[in-house]
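Working notes, beginning with the structure itself.
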Amino acid sequence: MLSVANVRSPSAAASYFAADNYYARADADRSGQWIGKGADLLGLKGRVETKAFDALLRGELPDGSNVGNHGQWHRPGTDLTFSLPKSWSLLALLGKDERIVEAYREAVIETLAWAEKNAAETRLVEKGQVRTVATGNLAIGLFQHDTNRNQEPNLHFHAVVANVTRGPDGVWRTLKNDRLWSLNTLLNSIAMARFRTSVDKLGYEAGPALKHGNFEARGISREQLMAFSTRRQEVLDARRGSGLEAGRIATLVTRSAKEAIEDRGALTVRWDQAAKKIGLDLKPLVESAHLRAAQQERETARPTTLVERGIARLREFAARISGEERDPLVPSHVLKKGPEAIAAAQAVASGVRHLSQREAGFEREALYKAALDFGLATTISHVEAAVRSLVRAGHLFEGKGEHRGWVASREAVEVETRILAWAAEGKGAIKPGIAGDEAESRVQASAEINHGFKLNEGQLGAARLILSSADRTIAVQGVAGAGKSSLLKPVAEVLREEGHPVIGLAVQNTLVQMLEGDTGIRSQTLARFLTDWGKLIDELGSGAHQTEAEAALKNHVLVLDEASMISNADKERLIRIANLANVHRLVLIGDRKQLGAVDAGKPFALLQRGGIAKAEMNTNLRGRDPVLRQAQAAAQAGFVRSALDHLKGHTIEAKGDGAIVAAERWLSLPPSEREFTAIYASGRRIRSAVNEAVQRGLQANGEIGPEKIALEVLDRVNFTREELRYLAAYRPGMVLEVAKAERALGLKPGEYAVRGIDEAKGVVRLRDDRGCQHAFRPGRMRKTGKDDNLALLERRKLEVHRGDRIRWTRNDHRRGLFNADRARVVAIERGQVTVETSKGERLRLKEGDPMLKRIDLAYALNAHMAQGLTSDRGIAIMDSRERNLSNQQTFLVTVTRLRDHLTLVIDSAAKLEGAVTRNKGEKASALEVTERLRGAAAIGSSKGPDAKQARDSERELSRGKTRAVDIGL
């Protein structure tokens, strides 16, 4: 792994890094070495001398000049620490295979060269404006160490990047190290990918790809690795609770000073004795590796044979990954190239599919990392070449403007273009029966007479659009708490009076129940609706389907709630179905500033930018407390500091674990108040920590139990479809869930236990609930699919007490149990659990009931669960160190759930403000990334041949043809 830290003191750094290098060979040069073009330009080459190194960290150059501002503190440098996974350290240091040391050194040096080319920057001031420019040079002292703080084998390199770099104008300045920090996980992936290509040449077998490209050596058990990892165990033992704070401070509180090794021979003897004690004999592994490497060297004398064998192996692998389906992202001519080029093409193809499932556009570096982390034997240079090839071929489009350095797939651009085209197809297609003024008066009368309230101007404007627009697809953009339920009640009544039944749609069942309960509109999940009517698209041209759909939907109005949470793929299908079925109206209602879909795209915002007919509801009716309402308005406007300032009197900066603080605050409330006080967590990890802390507190107070039951529950692993095509995703003990029959894979619906992995054959060994064995080949999965038919689950122990609040983690439609809906455990006896559902119904779950594996505690909800929900009071917890979750959309959703009071638990107001301000949290749009939105919107709004071409292309694609849509941009 790679860790990054700022060097705090020049003198301490020089002493620590240069005084004792701990080289693996006793006769090795015990100094560091200079790396980088910057060092060359300064005349620093070869061995690192302490005096020169110390001076450079102070900002003093060899010619006597200085960088930085005179008289001000100078940041010495940045320490990039590259550490080998434990098994390789053992083989290098206990097994005394020095080839591993040199192979990793080469990988680190090549990675630093890439970082120098792509991450070396400085700041220039021109005409009063600060500009960041690339410099392409770094001065690095590279030092090798081979122990951790507990003097256990731990081969690692400290690359100390001095805070100096020469600008394009030839002037030496301080280094802007932001990209070194932001690219740290990519740099680790680059180093490990390069090291993996060396492993096979050294005669070793690499294990499966782990996080950030790490991998262990085969032949050493986890128990043996942990026996030499007491430092890691100290950190784990020091944890207090399960929150972020506990994990991070544990590393610091257990850190002792690193002592110099006085007797290397004695240390080696101690290592050998420890290895014998646990039965770890590395000699056979090392000898076998040498034999295999020697055999490869003999084959090198016949280079044609060796190359052919390498290419054959990779072709076989590519075929196993691709199955019988040709990969459109791997050009056929690539298979004529060398092994690493073939692997890179396959890895990049997988990277594109993996990232495209979640985002419509992404940074180029994110694609590099995704490709490398699939663990194929390739390097960053080959991956970069493969990406350039896809750009040249038109499979990827480059980002422009503020998205320079990004890419978007051609498919994503085509999907978004079609979304605009299908929405435009419905422009002017409706003959409204009510004029605008009449619509407003009738809705207002219905609201006052039937419901006893009066609609505001924003609500009336939305009602006018819904009832009197000539366009089929329209948008209602409403801020959080704008009163959509109050609007939809009278609107639905007027629509029904006009002969237009209303169907509500929502992304999850809890929102379906709320929409139906709050408005009286018959509702269902969007997924169910798309499943029922997707045949209109999948079997385009079927007269029977068309007749059936029109009979069921023609005069209806569809209302999609929380429209921002819908992906490109689902939004496109919904609009297409609405057009094909000739529905009277499709109303998209939501807030583009709130959380988006899990999968790619932000079509609700895209349609608004593309010119769809829109009404805006900008008045927050939810917040009843004046201070809270001001904070919510500031958050809606993106003014994070102002929002936090308003909440200052309601904010707790937790010194320890914020999850425990939030739990304690909730537990301190009287039971009657807890019923009206929700707990909102920014993400899954904090939510779990809060749930556990609340349960412990309730148990200690005697408020739950004493009856309890130990369950083994299943949690879905957040893998993309492409990740599921690789063996590395699977581990014994997991469960593969198959929703519908996969005939090509030989799997029927049900759950299959993962029993083992056969990498040589590309097979996952499965066992079904009847004990039958199955050989599952993930590489034969289709590369694209319209649904998530396969899911990988992990087992987890969960103790449930009488009185616990729980939620379901999957659907059981037959019994009315829905994913994310909550219940309460009212009895536990003889292995049976009785629950009271959200509808007040009691249900007994017997031992072995599948829904007992699909529950979790529900004292806290995360932001995606919370969107669309409302409560009177609440406790919200956010942590600035959760980088992806500390964003403006999560912050907005968290702050706007409450009516009367919010207690905000955070690690630091200043840090949270900075993290949230920097990260908007928006999903990407392929058309925005590539600056094609204007052209696509023009084509979509056209009634001429261009719009017809887009529609005709969709028909070809839906019939399975592969010709790309020529959108003429």
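Residues: numbered from 1 along the sequence shown.
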When you measure from the side chain of H864 to the backbone of G596, do you find a donor-acceptor pair of N or O atoms at a distance under 3.5 Å? yes
So, K484 side chain and I589 main chain: donor-acceptor pair closer than 3.5 Å or not? no
Hey, could you give me the CD/CG distance between E416 and N568, rounded to the nearest 0.5 Å? 4.5 Å
Let me know which of K369, R388, R404 forms a side chain to side chain contact (heavy atoms under 4.5 Å, CB included) with R364. R388
Measure across A866 and R897 and return the closest heavy-atom pair with its distance rounded to 0.1 Å. O-CD, 3.4 Å
From the list T185, L112, I380, side chain to side chain contact (heavy atoms under 4.5 Å, CB included) partner of I190 resolves to I380
Gap between atom CG of L530 and atom CD1 of I537 - 0.5 Å precision: 7.5 Å
Counting distance only, does the side-chain N/O of T132 pair as donor-acceptor with the main-chain N or O of R123 below 3.5 Å? no
Checking Q608 against Q477: is there a side-chain donor and acceptor pair closer than 3.5 Å? yes
Using modelled atom types only, decide if a donor and an acceptor are shared between the side chain of S189 and the backbone of H212 within a distance under 3.5 Å. yes
Taking Q357 for its side chain and R721 for its backbone only, find out whether a donor-acceptor pair lies under 3.5 Å. yes
Flag if over 12 foreign heavy atoms under 6.0 Å of CD, E411: no
Checking K783 against E722 for the salt bridge (Lys or Arg N to Asp or Glu O under 4.0 Å) test, could you report, in this order, the C-alpha distance in whole Å, the side-chain angles of both residues, the deciding distance, and whether it holds? CA-CA 7 Å; K783 296 175 185 61; E722 188 65 22; over 6 Å; no
With a 4.5 Å heavy-atom cut-off, do R173 and L124 have their side chains touching? yes
Just verifying a value: how many Å separate T917 OG1 and F891 CZ, rounded to the nearest 0.5 Å? 8.5 Å
Would E931 and K400 satisfy salt bridge (Lys or Arg N to Asp or Glu O under 4.0 Å), going step by step from the backbone distance to the final call? CA-CA 6 Å; E931 293 192 349; K400 297 180 180 179; 6.0 Å; no
Could you please spell out the steps behind the side-chain hydrogen bond (donor to acceptor under 3.5 Å, both in side chains) verdict for Q636 and N620? CA-CA 10 Å; Q636 187 75 42; N620 176 8; over 6 Å; no
On the six-membered ring of F397, is R410 placed so that its NZ or CZ lies under 6.0 angstrom from the centre and within 45° of the ring axis? no
Counting heavy atoms not belonging to R684, are there more than 12 under 6.0 Å from its CZ? no
Does R472 reach the main-chain N or O of L586 with its side chain, forming a donor-acceptor pair under 3.5 Å? no
Can you confirm whether more than 12 heavy atoms, excluding those of K614, are under 6.0 Å from its NZ atom? yes
Residue pair K923, D599: steps toward the salt bridge (Lys or Arg N to Asp or Glu O under 4.0 Å) verdict: CA-CA 9 Å; K923 303 289 287 187; D599 283 342; over 6 Å; no
Would you please test E562 and Q867 for side-chain hydrogen bond (donor to acceptor under 3.5 Å, both in side chains) and show each step? CA-CA 8 Å; E562 299 296 343; Q867 184 157 319; 3.3 Å; yes
Would you find a donor on one side and an acceptor on the other, under 3.5 Å apart, between the side chain of D471 and the backbone of T473? no
If you count heavy atoms of other groups shown closer than 6.0 angstrom to CZ of F719, is the number above 12? yes
Partner set under salt bridge (Lys or Arg N to Asp or Glu O under 4.0 Å) for R641, not counting sequence neighbours: E913
Does a sphere of radius 6.0 Å around CD in E126 hold more than 12 heavy atoms from other residues, nucleotides or ligands, not counting ones at 6.0 Å or beyond? yes
Check whether any side-chain N or O of R75 sits under 3.5 Å from a backbone N or O of L175 as a donor-acceptor pair, and report yes or no. yes
So, T378 side chain and E340 main chain: donor-acceptor pair closer than 3.5 Å or not? yes
Looking at OG1 of T165 and CD of E121, how far apart are the two atoms once the value is rounded to the nearest 0.5 Å? 10.0 Å
Walk me through whether E882 and R685 qualify under salt bridge (Lys or Arg N to Asp or Glu O under 4.0 Å). CA-CA 9 Å; E882 286 196 314; R685 182 173 178 177; 5.9 Å; no
In Å, rounded to the nearest 0.5 Å, how long is the span from OG1 of T896 to CG of D591? 8.0 Å
Do the side chains of L595 and T890 get nearer than 4.5 Å, heavy atoms only? yes
Modelled atom types, side-chain donor and acceptor of N718 and R358, under 3.5 Å: yes
If you measure only the distance, is there a donor-acceptor pair under 3.5 Å linking the side chains of Y726 and S350? yes
Which value, rounded to the nearest 0.5 Å, describes the distance between I612 atom CD1 and S469 atom OG? 9.0 Å
For N184 and W181, indicate whether the former's side chain and the latter's backbone hold a donor-acceptor pair under 3.5 Å. yes
Other residues, nucleotides and ligands only: do more than 12 of their heavy atoms fall within 6.0 Å of CG on D169? yes
Should W114 and L186 count as side-chain neighbours, where that means a heavy-atom distance under 4.5 Å? yes
